Structure formats: C-alpha cells, structure tokens
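Since the model is a prediction, treat every value here as computed from it, not as a measurement.
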Amino acid sequence: YYKAVFHLANYPCEESEMVLLDFIKYDSEKLEYKIAKRKAIEVLAIFDCKKAIPTIADFLQNNNDDEYLIETAIWSLDKLKCNNIDIINKICSLLYRQFNNKRLVIQTLTNLDVRKEIDKIRSLSKDKQSSNGVKGAAFAALIKLAGEEDKLIELKNFLRLSNQNDRHCAVQDIINSGQISALPFLIKSPISPSFKLQAIDSLWIN
C-alpha cells in the first residue's frame with residue numbers, strides 16, 4: 001500500500017487524486033494500511049487537492065485514536081490553506097483535548113491566521129507543563145497574530161537551550177514569527193549551518 005501511494009506522488013493528476021481519495025475513505029485496522037493512509041493524505045495536500053479537505057477533516061473526530069493520522073490531517077489542512085470555519089474549530093478543539101502534538105496545532109493556527117484562540121495559546125506559553133516546543137510555537141503565534149514582539153526575547157533564549165532539538169524548533173518558531181530582526185542573533189547561535197541558511201532563506205524572502 002505504502003509503496004503504491006509513494007509512487008503515485010510522482011503522477012499528479014485528477015485520476016491519482018480520485019484513487020487516493022477512495023483509498024483514505026476505506027476503513028481498515030491493519031497497521032500497514034494506516035501508515036499508507038497517512039502518506040496518501042500527505043500526497044493529496046502536496047497535490048493541492050482542495051476537494052480532499054472535507055474527507056481529510058473527518059480524521060479530526062473525537063473518536064479517532066490514531067494521533068499520527070490526526071497530525072498528518074492537521075499538517076495537510078495547513079498546506080491546503082483550509083479556511084472552513086467548522087474545520088478550523090475542530091483544529092482549535094485539540095488545544096483543549098489530550099493531544100501530544102499541540103505544537104503542530106499552534107503552528108497550523110498561526111499559518112492559517114486564526115486569532116480566536118490567542119488567550120488559550122498565551123496560557124500554554126506560561127504553563128509549566130508545556131514543553132519547550134509548545135512554548136516556542138506559542139511565542140511565535142503571539143508575535144505574529146497578536147503583535148506581541150516582546151516574546152521574541154523568549155525565542156532568542158530558546159536558541160541557547162542545551163537540547164539540540166529545542167534549538168532547532170526555536171529556529172522554525174522564529175521563521176514562523178516572521179521576525180527578520182532575529183537573524184543576527186540566530187546566526188551566532190550554536191545550531192547547524194543548514195538551519196541558519198534555512199532561516200535566512202525563509203525570512204529574507206519576505
């Protein structure tokens with residue numbers, strides 16, 4: 001299943017889209033099918049298949065216990081620039097549920113310019129139970145959506161954290177915040193040159 005979906009990604013056309021849509025609608029508990037379904041959702045987003053949005057959004061239901069599938073659905077809806085208010089509300093609801101990847105939810109709401117959950121995002125940025133990844137994404141959201149540019153200091157501090165993954169997440173958060181003024185600090189931080197180049201490329205274009 002996965003190999004078939006993987007190769008269909010090389011053939012963007014309406015026929016491929018219809019096959020992938022039929023595939024993700026089929027329900028199966030087999031692990032290999034679930035893994036291929038995630039890939040199919042990702043490919044539909046890469047194809048910019050807008051008609052897949054309602055079907056992809058169905059995976060955000062409360063009764064879906066496959067968090068990886070939910071994550072793929074959120075990522076895809078972000079890439080497809082979903083502007084359906086009902087679907088956006090489903091994404092927002094994940095901020096209030098037991099969901100491991102709230103960082104992705106916050107990033108998606110930031111990219112889609114959704115401001116209705118600013119207060120919840122602010123509370124997550126202060127919550128001692130929140131991971132550095134969630135806090136960083138929250139700071140980026142507050143900068144971009146609420147104009148709270150003082151939060152950039154927090155993101156700069158995250159570039160000096162001892163954990164390498166946290167530093168790399170901070171780079172993406174600075175990119176998401178759109179703060180080109182952070183580049184001089186970012187360039188001097190202890191991160192891989194590839195991440196520095198990614199930040200320059202992403203921020204400078206704007």
Side-chain angles (χ1 to χ4, degrees), residues 24 38 41-42 44-158 166 168-182 199 202-203 205-206:
I24 67 174
R38 296 173 205 151
I41 293 171
E42 178 186 310
L44 284 166
I46 292 170
F47 283 175
D48 197 32
C49 180
K50 303 290 188 187
K51 61 176 173 284
I53 288 177
T55 305
I56 293 173
D58 285 341
F59 296 109
L60 302 178
Q61 301 294 347
N62 291 343
N63 59 355
N64 183 7
D65 59 358
D66 186 340
E67 285 211 354
Y68 295 115
L69 191 56
I70 295 173
E71 287 176 10
T72 306
I74 295 169
W75 179 89
S76 297
L77 292 168
D78 182 357
K79 190 165 182 64
L80 289 166
K81 302 298 179 189
C82 174
N83 60 4
N84 181 294
I85 187 63
D86 292 330
I87 295 174
I88 287 173
N89 285 338
K90 288 182 182 179
I91 297 173
C92 290
S93 70
L94 291 165
L95 292 175
Y96 300 88
R97 285 162 48 188
Q98 281 295 111
F99 184 66
N100 288 326
N101 200 345
K102 289 186 179 179
R103 173 178 170 81
L104 177 62
V105 177
I106 296 170
Q107 287 176 319
T108 298
L109 295 178
T110 303
N111 293 337
L112 296 178
D113 201 32
V114 178
R115 302 164 192 265
K116 65 191 292 289
E117 298 295 344
I118 283 293
D119 289 341
K120 177 60 177 176
I121 290 172
R122 186 178 290 108
S123 71
L124 288 171
S125 75
K126 299 175 182 178
D127 191 341
K128 293 180 180 179
Q129 300 299 317
S130 294
S131 67
N132 287 329
V134 169
K135 288 179 180 178
F139 291 141
L142 292 171
I143 292 169
K144 187 171 181 181
L145 301 179
E148 298 179 16
E149 296 190 8
D150 59 301
K151 300 298 186 297
L152 185 59
I153 297 172
E154 304 288 352
L155 288 182
K156 286 180 177 179
N157 290 337
F158 277 17
D166 285 340
H168 289 169
C169 285
V171 174
Q172 187 58 54
D173 294 330
I174 288 173
I175 291 172
N176 291 347
S177 73
Q179 292 295 303
I180 195 170
S181 63
S202 300
L203 289 169
I205 198 170
N206 295 320

Does CD1 belonging to Ile153 count more than 12 external heavy atoms closer than 6.0 Å?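 For Ile153, atom CD1 is not crowded (no more than 12 foreign heavy atoms under 6.0 Å).
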
Could you tell me whether Gln61 atom CD has more than 12 heavy atoms of other residues or ligands within 6.0 Å of it?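 Yes - once you tally the heavy atoms of other residues, nucleotides and ligands closer than 6.0 Å, there are more than 12.
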
Which heavy atom in [X] sits nearest to a heavy atom in [Y], and how many Å separate them?
X: Asp127; Y: Lys135; answer: O-CE, 3.2 Å
X: Cys82; Y: Ile88; answer: O-CD1, 3.8 Å
X: Val105; Y: Ile91; answer: CG1-O, 3.5 Å
X: Val114; Y: Leu145; answer: O-CD1, 3.2 Å
X: Asn64; Y: Asp66; answer: OD1-N, 3.0 Å
X: Leu69; Y: Phe59; answer: CD2-CD2, 3.6 Å

Given side chain to side chain donor-acceptor pair (under 3.5 Å), test Asn176 with Gln172 step by step and report yes or no. CA-CA 6 Å; Asn176 291 347; Gln172 187 58 54; 2.9 Å; yes

Roughly how far, to the nearest 0.5 Å, is [atom2] of [Y] from [atom1] of [X]?
X: Phe139; Y: Asn157; atom1: CZ; atom2: CG; value: 9.0 Å
X: Leu112; Y: Asn83; atom1: CG; atom2: CG; value: 8.5 Å
X: Glu149; Y: Leu155; atom1: CD; atom2: CG; value: 12.0 Å
X: Ile41; Y: Ile74; atom1: CD1; atom2: CD1; value: 11.0 Å
X: Cys169; Y: Phe158; atom1: SG; atom2: CZ; value: 10.0 Å
X: Lys120; Y: Ile106; atom1: NZ; atom2: CD1; value: 9.5 Å

Could you tell me whether the side chain of [Y] reaches within less than 4.5 Å of the side chain of [X], counting heavy atoms only?
X: Leu44; Y: Ser76; value: no
X: Glu42; Y: Lys79; value: no
X: Glu117; Y: Tyr96; value: yes
X: Ile121; Y: Thr110; value: no

Less than 4.0 angstrom from a charged side-chain N to a carboxylate O is my criterion; do Glu148 and Arg122 meet it?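 So Glu148 pairs with Arg122 through a salt bridge.
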
Return yes if some donor-acceptor pair links the side-chain N/O of Ser130 with the main-chain N/O of Leu124 below 3.5 Å, else return no.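 Answer holds: yes.
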
Under the side-chain contact (heavy atoms from CB on, under 4.5 Å) criterion, do Leu77 and Asn84 qualify, and how do the steps go? CA-CA 10 Å; Leu77 292 168; Asn84 181 294; over 6 Å; no

Provide the full list of salt bridge (Lys or Arg N to Asp or Glu O under 4.0 Å) pairs with a residue in residues 90-104, sequence neighbours left out, each pair given once.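 For residues 90-104, and leaving out neighbouring residues, the salt bridge (Lys or Arg N to Asp or Glu O under 4.0 Å) pairs sorted by first residue read Arg103-Asp173.
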
